[in-house]
Amino acid sequence: MSFFESEVNGVSAVILDLDGTLLDTERATKDVLKEFLAKYGKAWDKKREEEKRLGMTQKETAAAIVRDYGLPLTPDQFIQEITPMYREKWPSVKALPGADRLIKHLYSHKVPFGLASNSSSEYIHAKISCMKGWKDRFSVVLGSDQVIEGKPAPYLFEEAAKRMGVDASHCLVIEDSLVGVKAAKAAKMKVVAVPSRGEIECSSLADKVLNSLLEFQPEFWGLPPFEDWVDRALPINPIYLSSQYVNGSMNEISEDASLPDQVCGTFFGWAGTGTAWTIKVVVNIGWNYSSCTKKNRIWTLWLVDGCDIEVFEQQMQFVLVGYICRLNSEDLTNMDVREIEEFKHIANTLLDRPLFANHSCTSLTTEATSNING
């Protein structure tokens, strides 16, 4: 189904949210808030922050923080004091998996696409200016200060569609928060949700729900399909992680691990225990749903070239360079043996190609492994 011939879904423009959808800003925001509160003798309240709704406007967030922590500031004073601290962090914020790919794809195919965020327009432009190639690619960029009311009201999305010259009913919105999904539905637009674990409620309202933008299929919406798959796998910006390897079995990554929720699926890449990436691996990354109160990230690792007793019980570094598919099962301990062997075959073949093998030529350093999401 081509972009111009689509009649089923009727999408002719895309509107994207920024924070949590394209950029992994949540951890940077949390670290800045902790540091800011410490200056006023206040401790960051994990439970309170986890229960807060993502996607609020800047003023709503400021008012909530001042009230909840009893800060001797007005919301405007809070914004004025904390903004310089945010600005220091933004250059180090990274794109979420699949975000850079999607932006390049829409731009190269001349699909109109805009950015509509509950952040202020000043914040938005400062953030996207830090991302190579992003600043001049959006057809329109809008912040909540440019409309009479931010999300969940529909005005941001309606204004974005108006400026792109597209009827609202022909727009597809990609969001990560409940307030964003509500705004898109209020604007009578189709919406894809890519929620974090804390925003799973928006799944019931969205037209389609994804674990990450790597799962996005433009052709489903009548848009040009991606053309960057290489023999059933997708080259990705490197994802770095570190964990204890125990006999190839399931391992839980702590909730403080530097991986955004949207790193989910079947990946392959390289592992190392010394100074170089030498071991080919396939890694499934998902979530443990066995507990009703706590959702832990879990991952299962397979060594492509077989087990090596020397790496058992060791702290290993990983660089994931390819994506194969979304998880077909929530139970990562019950994977079909034939499917595992198929994934290992794909990884073994592709990791010998320069496109994927080049990553194994880089040094395994503390600096590299601190860059968790590329």
Side-chain angles (χ1 to χ4, degrees), residues 1-23 55 95-119 121 124-125 127-128 131 133-144 146-147 150-152 154-177 179-195 202 205-228 234 262:
M1 182 164 54
S2 73
F3 174 37
F4 296 105
E5 294 175 351
S6 170
E7 294 181 359
V8 177
N9 291 307
V11 169
S12 54
V14 178
I15 304 175
L16 303 163
D17 177 52
L18 182 61
D19 299 298
T21 300
L22 297 180
L23 290 180
L96 285 164
D100 193 54
R101 174 197 187 210
L102 177 60
I103 289 172
K104 289 177 179 177
H105 178 74
L106 295 175
Y107 184 78
S108 66
H109 286 277
K110 297 181 172 54
V111 177
F113 68 103
L115 190 57
S117 168
N118 257 356
S119 289
S121 53
I124 296 168
H125 285 285
K127 292 172 188 175
I128 63 176
M131 304 303 297
W134 283 26
K135 186 177 179 181
D136 300 319
R137 289 186 172 171
F138 296 98
S139 304
V140 60
V141 175
L142 283 174
S144 59
Q146 294 176 278
V147 292
K151 307 170 192 177
Y155 306 121
L156 263 172
F157 292 135
E158 291 173 343
E159 181 64 19
K162 179 181 176 181
R163 294 193 186 190
M164 288 190 292
V166 179
D167 188 271
S169 63
H170 294 159
C171 289
L172 173 68
V173 171
I174 302 181
E175 267 281 357
D176 74 302
S177 68
V179 296
V181 171
K182 285 182 174 179
K185 301 308 287 186
K188 297 180 170 47
M189 297 179 178
K190 300 173 181 66
V191 58
V192 170
V194 193
C202 68
L205 297 178
D207 295 292
K208 197 167 186 64
V209 181
L210 308 177
N211 291 304
S212 84
L213 288 176
L214 294 174
E215 298 176 5
F216 183 64
Q217 296 177 298
E219 63 272 23
F220 180 85
W221 305 98
L223 300 170
F226 287 117
E227 300 166 339
D228 52 356
L234 173 68
Q262 293 84 354

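- Contact between Asp17 and Ser117 at its shortest, heavy atoms only, is OD1-CA, 4.1 Å.
- For the residue pair Ala187 and Ala168, the shortest heavy atom distance occurs at O-CB, 3.6 Å.
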*Report the C-alpha separation of Val14 and Leu106 in whole Å, then their side-chain angles, then the decisive distance to 0.1 Å, and conclude whether the side chain to side chain contact (heavy atoms under 4.5 Å, CB included) test is met.*
CA-CA 9 Å; Val14 178; Leu106 295 175; 4.1 Å; yes
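- Atom CG of Leu156 sits about 9.5 Å away from atom CD1 of Ile15, to the nearest 0.5 Å.
- No more than 12 heavy atoms of other residues, nucleotides or ligands lie within 6.0 Å of NZ in Lys182, so this atom counts as exposed by the packing criterion.
- In this structure, CG in Leu18 is found 9.5 Å from CG in Leu96, a value given to the nearest 0.5 Å.
- Of the inter-residue distances, the one linking Leu172 atom CG with Ser12 atom OG reads 10.5 Å to the nearest 0.5 angstrom.
- Distance NZ/Lys190 to NZ/Lys185: 8.5 Å, rounded to 0.5 Å.
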*Show your reasoning for whether side chain to side chain contact (heavy atoms under 4.5 Å, CB included) applies to Leu115 and Ile124.*
CA-CA 9 Å; Leu115 190 57; Ile124 296 168; 3.7 Å; yes
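- The closest side-chain heavy-atom distance from Val11 to Leu223 is below 4.5 Å.
- At a threshold of 4.5 Å between non-hydrogen side-chain atoms, the residues Pro225 and Gln217 do not count as touching.
- In this structure, Ser144 contributes its side chain and Gly150 its backbone to no donor-acceptor pair below 3.5 Å.
- Closest non-hydrogen pair, Leu213 versus Leu22, comes out as CD1-CD2, 4.1 Å.
- Residue-environment remark: OH (Tyr155) stays at or below the threshold of 12 foreign heavy atoms within 6.0 Å.
- Glu158 has no carboxylate O lying under 4.0 Å from a charged side-chain N of Lys162, or vice versa, which leaves the two without a salt bridge.
- Between Asp228 and Leu234, the closest side-chain pair of non-hydrogen atoms falls below 4.5 Å.
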_Let's go through Leu210 and Gln262 carefully: what are the C-alpha distance in whole Å and the side-chain angles of both, what is the deciding distance for side chain to side chain contact (heavy atoms under 4.5 Å, CB included) to 0.1 Å, and is it a yes or a no?_
CA-CA 9 Å; Leu210 308 177; Gln262 293 84 354; over 6 Å; no
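- No donor-acceptor pair under 3.5 Å is formed between the side chain of Ser121 and the backbone N or O of Gly143.
- Every residue was checked against the side-chain hydrogen bond (donor to acceptor under 3.5 Å, both in side chains) condition with Arg137, not counting sequence neighbours, and none meets it.
- Shortest non-hydrogen contact noted between Gln146 and Val141 is OE1-O, 3.7 Å.
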*asked:* side chain to side chain contact (heavy atoms under 4.5 Å, CB included), that's the test. Do Trp221 and Phe216 meet it? Break it down for me.
replied: CA-CA 10 Å; Trp221 305 98; Phe216 183 64; 3.7 Å; yes
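- Asp100 places a side-chain heavy atom less than 4.5 Å from the side chain of Trp134.
- Across all non-hydrogen atoms, the minimal contact from Pro224 to His109 is CB-ND1, 3.6 Å.
- For the atom pair CG of Leu214 and CZ of Arg101, the computed distance is 6.5 Å after rounding to the nearest 0.5 Å.
- In this structure the side chain of Cys171 reaches within 4.5 angstrom of the side chain of Met189, judged on heavy atoms.
- Phe138 CZ to Ile103 CD1: the interatomic distance, rounded to the nearest 0.5 Å, is 4.0 Å.
- Counting heavy atoms from C-beta on, the side chains of Val194 and Ile174 come closer than 4.5 Å.
- The nearest pair of heavy atoms linking Val179 to Lys151 is O-CB, 3.8 Å.
- A donor-acceptor contact under 3.5 angstrom links the side chains of Asp19 and Ser119, judged on distance only.
- The number of heavy atoms from other shown groups lying within 6.0 Å of CZ (Phe226) is above 12.
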